[in-house]
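Note sheet for the following structure.
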Amino acid sequence: MSQVRVRFAPSPTGFFHIGSARTALFNWLYARHTNGVFVLRVEDTDQARNSEEFLNVIYDSLTWLGMTWDEGPKVGGHFGPYRQSERAHIYKEYLQKLIDAGRAYEKDGAIWFKLPGERSEVYDDHRQKTVTKVANTPAVIDDKIRGRVERLEDEDFVIFRSDGNPVFHFVNVVDDIAMKITHVIRGEDHLSNTSKHVELFKAFGVEPPVFAHIPLILKQNGPGKMSKRDQGALIEEYQKRGYLPEALVNFLALLGWSPKDDREKMPLADIIALFDFPGINQSNARFDDKKLAHMNMVYLLELPADLFVVKARVQLERQQATPALEADLGYFREVMLLSQPKIKGLEELAAYTVYFFTEEYPMDEKVRTKVLSKGDPKTRLAELAEVLATADFSNDTLIEEAIKALAARTGLGFGDYQSVARLAVSGTNVGPSLTSLFRVLGRERVLARIARFQATV
RNA sequence: GUCCCCAUCGUCUAGCCCGGUUAGGACACUACCCUUUCACGGUAAGAACCGGGGUUCGAAUCCCCGUGGGGACGCCA
């Protein structure tokens with residue numbers, strides 16, 4: 001059995017979206033599962049719509065997600081070049097084969113592929129024009145996911161535009177032949193194109209590769225497949241928001257594939273070991289950002305401390321959270337680790353930790369009103385300030401004991417002191433435990449903030 | 001309109017191939033527990049076999065027809 005060779009063939013005509021990433025991932029996983037080769041091929045034959053910027057987004061996104069390619073731009077390989085815009089001579093060569101075989105002809109300045117069979121003119125109601133139909137026999141697609149699919153290709157189609165550039169169907173097949181691709185794993189939207197491709201393979205006298213048409217990702221709300229314009233569709237966006245690539249990969253793998261047991265979060269090595277065609281579903285999957293966010297949280301929770309701090313810093317830099325970035329590194333680390341078990345995503349960190357790094361933190365007015373309306377917050381604060389003035393701040397337990405002792409004296413609970421104290425020193429009602437908050441902020445700042453708050457009530 | 005693909009909780013899915021399950025898990029939602037706020041976590045609840053025929057002692061599972069969803073029908077990829 002020869003080595004599996006799969007390819008991901010994006011065209012740089014827009015930002016890299018989640019459906020493309022999933023297609024890339026399935027190819028990559030299959031290559032890794034079979035110890036095969038993952039080829040990256042850039043389909044940039046439509047010069048009007050291509051751009052270097054989009055190409056770099058594809059490279060960046062694939063790299064970010066950990067899908068390294070074995071052959072392709074930047075890394076090379078025996079079947080290059082890997083950008084179709086640089087393969088014109090190869091396409092000319094293959095075109096000549098078709099011409100020599102009488103399977104291509106010119107019309108209206110373009111070159112058309114000639115299907116075998118009798119021709120007749122028919123009026124097409126839907127397209128409202130007369131077309132030439134060919135009495136061809138149906139192409140048979142032996143699909144690894146769909147099973148046997150038959151589809152009739154009964155109209156000649158353009159393979160070279162009148163501007164001299166080859167079109168997708170032609171270059172796709174030629175490159176799959178030239179690059180010795182063994183398995184074509186792509187979205188189901190290509191299933192109807194595949195009959196064209198099978199006809200081309202036949203015309204070249206080459207056995208088609210194994211096809212596997214994977215289900216599509218549907219948009220979260222509303223009808224239709226996910227497109228670049230949909231909310232949450234762009235990979236770049238997740239990168240910017242500080243999503244963990246491992247989490248996104250895990251989530252994406254589960255959209256249309258399943259290990260067939262109840263596992264969801266699983267190490268990449270396990271996914272690679274189990275990934276195969278029988279595990280791929282036939283039906284389309286709807287994108288669910290809540291499930292992705294949950295997966296991200298699970299990965300975040302398990303991140304080793306050092307790594308979490310590094311990633312937190314990168315994210316805060318991205319969000320330009322200046323005071324946090326200027327803080328002492330040891331202090332920064334402590335604040336971040338206090339927050340790690342509390343947040344769902346790195347993007348929350350800037351707002352979640354803002355009061356640790358500046359005195360200009362926002363005051364949540366709703367919470368303020370609510371807290372001040374209950375009990376006797378002014379007295380509680382005064383009592384607390386007095387105790388904190390002499391309490392030992394060296395660890396959480398000692399601070400806790402001091403507050404509990406105070407509560408015991410006044411016949412109240414820890415909670416009676418907590419809400420108002422938290423509000424005074426952080427401006428909010430959410431955050432790490434109050435004692436950690438005090439310890440990390442330090443006595444001086446805690447007392448100063450309490451005093452400042454007292455002056456406003 | 002024509003052709004192609006698909007169909008289990010709101011969503012992702014297991015079960016289907018090889019008929020017999022209290023149809024399982026996860027996300028989301030709800031309640032309770034934990035608790036020093038907020039989260040995490042724990043427990044519980046609700047929630048599905050698209051419809052109709054057929055085959056069979058028995059159908060989520062096999063077959064057919066409807067219906068619904070998706071895709072393709074470019075000198076885009």
Side-chain angles (χ1 to χ4, degrees), chain A residues 9-14 43-46 48-50 84 107-112 124-128 131 138 141 143 145-147 149-155 157-169 171-172 186-196 213 215-216 218 220 223-225 251 254-265 278 281-295 297-298 301 339-344 348 352 367 371 400 403-404 407 413-419 421-423 426 428-437:
Chain A
S11 85
T13 55
E43 305 216 332
D44 54 352
T45 55
D46 183 1
R49 297 202 304 152
N50 285 315
Q84 291 183 331
K107 190 179 94 181
D108 303 330
I111 297 171
W112 297 65
D124 183 315
D125 288 333
H126 186 242
R127 285 179 288 172
Q128 303 201 333
V131 293
I141 302 153
D143 193 284
I145 296 167
R146 311 281 150 193
V149 178
E150 276 191 23
R151 193 170 181 280
L152 177 66
E153 205 54 56
D154 62 356
E155 283 178 36
F157 53 90
V158 170
I159 51 177
F160 271 75
R161 289 189 278 264
S162 48
D163 66 4
N165 285 311
V167 305
F168 163 73
H169 303 298
V171 294
N172 198 265
R186 55 173 27 160
E188 201 214 276
D189 48 345
H190 283 293
L191 188 54
S192 337
N193 289 327
T194 305
S195 44
K196 284 189 176 69
H213 286 93
L216 301 179
L218 269 25
Q220 182 152 244
K225 64 172 175 172
F251 170 79
L254 258 19
L255 222 47
W257 172 84
S258 135
K260 304 300 175 193
D261 55 27
D262 289 336
R263 277 188 297 170
E264 296 209 332
K265 182 196 183 277
N281 289 88
Q282 300 183 307
S283 50
N284 295 340
R286 201 168 290 277
F287 178 74
D288 183 355
D289 61 355
K290 286 227 177 75
K291 189 139 186 170
L292 170 56
H294 179 262
M295 185 67 82
M297 181 200 72
V298 171
L301 243 29
S339 309
Q340 182 178 8
K342 300 290 204 167
I343 55 163
K344 270 181 118 75
E348 296 171 20
Y352 193 81
V367 173
V371 168
E400 186 176 337
I403 300 175
K404 282 193 169 157
F414 190 105
D416 293 299
Y417 291 94
Q418 172 175 237
S419 54
R422 180 183 293 282
L423 177 69
S426 72
T428 174
N429 63 343
V430 302
S433 75
L434 189 70
T435 49
S436 309
L437 201 55

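Note that this is a predicted model, so its numbers are computed, not measured. Sequence lines set the chain letters: A, B, ... in the order given, protein chains first and strands last, and positions in each chain run from 1.
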Output one line per pair: protein atom, nucleotide atom from nucleotides 14-16 of chain B, and distance, for all N/O pairs under 3.5 Å.
residue: B/A14; atom: OP1; partner: A/K260; partner atom: NZ; Å: 2.4
residue: B/A14; atom: OP2; partner: A/N281; partner atom: ND2; Å: 3.2

Q: Please state the C1' separation for the pair B/A39 and B/U35 - nearest whole angstrom.
A: 11 Å

Q: Test for a donor-acceptor pair under 3.5 Å between the base of B/A26 and the side chain of A/K291, counting only N and O atoms.
A: yes

(Q) Both distances below 3.5 Å, Watson-Crick or wobble geometry, any strand: find the nucleotide opposite B/C18. (A) none

Q) Should B/C40 form a Watson-Crick or G-U wobble pair with both distances under 3.5 Å, which nucleotide is its partner? A) none

Q: Encode nucleotides 34-51 of chain B as B, S and - characters from 5' to 3', where the letter depends on protein heavy atoms closer than 4.0 Å: B to the base, S only to sugar-phosphate, - to neither.
A: --BBBBS-----------

Q: Sequence neighbours left out, what passes side chain to side chain contact (heavy atoms under 4.5 Å, CB included) with A/A285? Give chain and number order.
A: A/L255

**Q.** Nearest-Å distance once atom P is located in both B/G10 and B/G46
**A.** 14 Å

Q) Among all residues two or more places apart in sequence or in another chain, which pass the ring-ring contact (aromatic ring centres under 6.0 Å, His included) test with A/H169? A) A/F157, A/H197

Q) Using atom C1' of each nucleotide, how far apart are B/C49 and B/C16 to the nearest Å? A) 11 Å

Q | Those residues that, when tested against A/K344, pass salt bridge (Lys or Arg N to Asp or Glu O under 4.0 Å) (two or more places apart) | A | none

(Q) If you assign each of A/S283 and A/L292 to its closest nucleotide in RNA chain B, which residue comes earlier from the 5' end? (A) A/S283

Q: Could you pull out all residues at least two apart from A/D44 that satisfy salt bridge (Lys or Arg N to Asp or Glu O under 4.0 Å)?
A: A/R83

**Q.** Set of residues satisfying side chain to side chain contact (heavy atoms under 4.5 Å, CB included) with respect to A/Q340, sequence neighbours excluded
**A.** A/L303, A/F308, A/L337

Q) For nucleotides 66-77 of chain B, read 5' to 3', which letter fits each nucleotide if B means a protein heavy atom sits under 4.0 Å from the base, S means only the sugar-phosphate is that close, and - means neither? A) ----BBSBSBBB

Q: For B/G42 versus B/A26, give the span between their P atoms, rounded off to a whole number of Å.
A: 9 Å

**Q.** Partners meeting salt bridge (Lys or Arg N to Asp or Glu O under 4.0 Å) with A/E188 (sequence neighbours left out)
**A.** A/R146

Q: Report the residues that fulfil side chain to side chain contact (heavy atoms under 4.5 Å, CB included) with A/H294, sequence neighbours left out, ordered by chain and then residue number.
A: A/M297, A/V298

Q. With sequence neighbours left out, what residues match A/E264 under salt bridge (Lys or Arg N to Asp or Glu O under 4.0 Å)?
A. A/K291

Q) When rounded to the nearest 0.5 angstrom, what is the spacing between CZ in A/R263 and CG in A/L254? A) 10.5 Å

Q: Could you work out the separation of B/U61 and B/G20 based on their P atoms and round it to a whole Å?
A: 11 Å

(Q) Both distances below 3.5 Å, Watson-Crick or wobble geometry, any strand: find the nucleotide opposite B/C73. (A) B/G1

Q: Check the chi torsion on B/C29 and let me know: syn if it falls within 90° of 0, anti if not.
A: anti

Q: Identify, with sequence neighbours excluded, every residue that meets ring-ring contact (aromatic ring centres under 6.0 Å, His included) alongside A/F287.
A: A/F251

Q: For B/C12 and B/U8, measure between their P atoms and round to the nearest Å.
A: 8 Å

(Q) Can you tell me the base-pairing partner of B/U35? Count Watson-Crick or G-U wobble geometry only, both distances below 3.5 Å, and say none if there is no partner. (A) none

Q.
In whole Å, measure the gap between the P atoms of B/A28 and B/G51 for me.
A. 29 Å

Q | P-based separation of B/G15 from B/A7 [nearest Å] | A | 13 Å

